[in-house]
Number of protein chains: 2
Amino acid sequence: MNANKIPDIIIGRLPVYLRALQHMQDMGLKTTSSQELGERVGISAAQIRKDISQFGEFGKQGTGYSIEYLIKQLREILKVDRIWDMVIVGAGDMGHAVANYQGFSDRGFSIVAIFDNDKSKVGQKIGQFTIEDSETMVNRIKSLDVKIAMLSVPASAAQAVADQLMQAGVRAILNYAPISLNVPNNVKVQYIDPSTHLQRMTYYL
Amino acid sequence: MNANKIPDIIIGRLPVYLRALQHMQDMGLKTTSSQELGERVGISAAQIRKDISQFGEFGKQGTGYSIEYLIKQLREILKVDRIWDMVIVGAGDMGHAVANYQGFSDRGFSIVAIFDNDKSKVGQKIGQFTIEDSETMVNRIKSLDVKIAMLSVPASAAQAVADQLMQAGVRAILNYAPISLNVPNNVKVQYIDPSTHLQRMTYYL
DNA sequence: TAGATTGTTAATCGATTAACAATC
DNA sequence: TAGATTGTTAATCGATTAACAATC
């Protein structure tokens, strides 16, 4: 990284570029251009070049970008050139769907544990995982040294669970609960709330 | 609405305000200020006042905003002062989780049909819904006059299904498939891809 | 009234786009 | 070489913040 402080809005676009590049690679393409990539993701070619050039000179004039090389660079930049362990908290319908989702492993993530506070669920299986008791969560996460959690508990419990997660050393939370979390700024939160996404579209209907 | 063209970035924050306000209302609060609301959602008070004032003068100097009134106004602005019918396409784990999600009804949405192209799933029940055949989808959506769809099919099928949905008159797609969709600009797409959200956080770890 | 808070203006800050020399 | 496309600069555009008169 040669630049010092990259705006978050740029960081947010890199995973979208990476996803599109991996898709192109799966289709057998070897090189691409800012033009072509831009059309695929709906972003201007100039912006893509500018975003990428924040981190180095990864392209070649006249020919564009090697897809394989650019993927490698983006994975390093985003720190997904490794596998991050994650936990899921909340084994409801959403927790089940997330636990069964097959798309994490080749994007840099691996689920290692699932917790729920419902004693009747503890011990049950989801795929190859056994649901663990929330009471043991903090110590378990500490011993596993996990930094990323997915939160699929009811909104009413989300903040309390988030506080526990942070106490256990978690630094990134993907929050499926429909509520804004209060966290210090060394902890990152991303929100997945289908209603919020839908309401952002109804305005235009 | 007294302003002409509201930036999309403002529209995107309104559902977050609305969610927080409804939460405050559930807690029994009657009024709030831009300061308090801002602390809850992590946005500056000035920005909240500016955003809201794009649409009218909904507050009172000295006392702030009536939560009930501001909720009513935001729901009107976002057009969720009504119930929007939606369909789900793809009855896998994610389709099941979304179909069973209880949070839509009091946010302005109602699921009316679920489709899958797997004949062995067609006819099966998810809650009170019966999975319908994708082959009948276009005509069924037309006759139901549905404008919003949630797409939970594999990435490889997503674009083709999206094309069908648009043909059926769908104008807003909540896309759970990890791929960028190509749509004309009278159709809105929102993306829910957990890996992309996670990769946006790993950069900071 | 005195205190609080809005709505709005102007200033600042940041992001996007257009254009093009460099060069593969 | 000629054509294509990058990386980068400068110009433009848009969003955020600070400040404060208005007023409840």
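Below, read A as the first sequence line, B as the second, and so on, with proteins coming before strands; counting in each chain starts at 1. Fair warning: this is a prediction, and the values are worked out from it, not measured in the lab.
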Nearest whole angstrom, please: distance from the P of C/dT23 to the CD of A/E57. 10 Å
Looking at CG of A/L14 and CG of A/L74, how far apart are the two atoms once the value is rounded to the nearest 0.5 Å? 6.0 Å
In whole angstroms, how far is the C1' atom of C/dT8 from the CD1 atom of B/I10? 14 Å
Round to the nearest Å and state the distance from B/L37 atom CG to C/dG7 atom C1'. 16 Å
Under a 3.5 Å cut-off for both distances, is D/dA22 Watson-Crick or wobble paired, and to whom? C/dT5
Side chain of B/A46, heavy atoms from C-beta onward: which of D/dA18, C/dA18, C/dT5 has the nearest atom to it? D/dA18
Closest to the 5' end of DNA chain C, once B/R49 and A/R13 are matched to their nearest nucleotides, is B/R49
Side-chain contact check for B/S53: nearest option of C/dT8, D/dT6, C/dT6 is C/dT8
With a 4.0 Å limit, can you tell me whether B/S34 has a side-chain N or O closer than that to the phosphate oxygens OP1/OP2 of C/dT6? yes
May I ask you to say whether B/D193 pairs ionically with A/R19, meaning some side-chain N is under 4.0 Å from a carboxylate O? yes
B/K5 NZ to D/dA15 P, straight-line distance once rounded to whole Å: 11 Å
Between D/dA19 atom P and B/Q47 atom CD, what is the distance in whole Å? 17 Å
Integer-rounded Å distance: C/dT6 C1' and B/Q61 CD: 4 Å
Name the residue from A/K50, A/R49, A/E39 that meets the side-chain hydrogen bond (donor to acceptor under 3.5 Å, both in side chains) definition with A/S34. A/R49
Complementary nucleotide for C/dT12 - Watson-Crick or wobble, under 3.5 Å: D/dA15
Could you walk me through whether A/K72 and A/E76 satisfy the salt bridge (Lys or Arg N to Asp or Glu O under 4.0 Å) test, starting with their C-alpha distance in whole Å, then the side-chain angles of each, then the deciding distance to 0.1 Å, before giving a yes or no? CA-CA 6 Å; A/K72 181 169 172 292; A/E76 276 178 26; 3.3 Å; yes
Between CD1 of A/I48 and P of C/dT17 the distance, given in whole Å, is 11 Å
When the distance from NZ of A/K50 to C1' of C/dA18 is rounded to whole Å, what number comes out? 12 Å
